[in-house]
2 protein chains.
Amino acid sequence: MEENADQLSRAEAEEYATWFKVLSDPTRLQIVSLLARRHGPMTVNEVVAASGVGQPTVSHHLRLLSEVRFVVVEPQGTTRLYRINERWLNCFPMAADIVMGNRPAPDTSGCS
Amino acid sequence: MEENADQLSRAEAEEYATWFKVLSDPTRLQIVSLLARRHGPMTVNEVVAASGVGQPTVSHHLRLLSEVRFVVVEPQGTTRLYRINERWLNCFPMAADIVMGNRPAPDTSGCS
DNA sequence: TATCTTTATAGACGTCTATCTATTTGTCCA
DNA sequence: TGGACAAATAGATAGACGTCTATAAAGATA
């Protein structure tokens, strides 16, 4: 195992914080989860139907998610296909596990 | 590898979101990083000296961190010793890696 | 008991954010 | 060209949050 770096700089802290912030809203987590488990593109309306919030709200969340490259968008005629950025899944293993349901029962039991 | 669960429930989404939310503030991330890399207890004043924000603000952040069990506190006379909850480090591998500096250079290069 | 030190709490303030309704933009098709 | 549909944007609102100053609580010590 490697050893600690000196310190977490303010700049680094701010960058990582923005990543965590994007995942800090339940609705946004559910949207990410939807896209991640589908392993395929979804339209905005499909996400709306599955998320329980309005269409502008979904658009807003998808914009935030794409700004940090958690999702990518591909226009297709009058619709836009959103899908998980698969490369990101490798860079965010724990978040990916939780969101994709690959973390059996995130044993909070041992974490108290 | 295991297969996807059906869906991320609202309840699960809300719980995970609270975890990420605690890590979504740069100051709080730096505090966690401090405690994690020290591998030992720190007083509030030591954290204040290293964090750049005021003492009440540090107390506030430490309270939030302990509410989700990321840190634990042990009163010692007139002071209180805060330390990382080591058990939590196992439950949050990626966050732990980032915060402890064990993630060499979280290669954002491949994540765009 | 009086005082000093350490930490927590109360309250205020400015900023950010999640959501909604209403509207606009953009694309397809008859 | 005109209508229909999909998605984005604008604007508003209510609530949450990070930080500060000021104060209180709690323990040690003389």
Are OP1 or OP2 of [N] and a side-chain N or O of [X] less than 4.0 angstrom apart?
X       : N     : answer
B:Ser59 : C:dT7 : no
B:Asn45 : C:dT5 : no
A:Tyr82 : D:dA8 : yes

Quickly work out the [X] [atom1] to [N] [atom2] distance and round it to whole Å.
X       : N      : atom1 : atom2 : value
B:Glu74 : C:dT6  : CD    : C1'   : 16 Å
B:Glu67 : D:dA16 : CD    : P     : 14 Å
A:Arg63 : C:dT17 : CZ    : C1'   : 12 Å
A:Leu62 : D:dA6  : CG    : P     : 16 Å

Could you state the interatomic distance from CD (B:Glu74) to CG (B:Leu81), rounded to the nearest 0.5 Å?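 That separation rounds to 5.5 Å.
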Spell out, as yes or no, whether a donor-acceptor pair under 3.5 Å connects the side chain of A:Ser24 to the backbone of A:Lys21.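 Flag set: sc A:Ser24 to bb A:Lys21 pair under 3.5 Å.
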So, does A:Ser66 use its side chain to make a donor-acceptor pair with the main chain of A:Arg69 at under 3.5 Å?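 Between the backbone of A:Arg69 and the side chain of A:Ser66 there is no qualifying donor-acceptor contact (under 3.5 Å).
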With a 4.5 Å limit on heavy-atom distance, are the side chains of [X] and [Y] in contact?
X       : Y       : result
A:Leu29 : A:Asp25 : no
A:Glu12 : A:Glu15 : no
A:Arg28 : A:Leu64 : yes

Walk along nucleotides 17-30 of chain D from 5' to 3' and tag each nucleotide B, S or - by protein heavy-atom contact under 4.0 Å, base first, then sugar-phosphate. SSBBBB----SS--
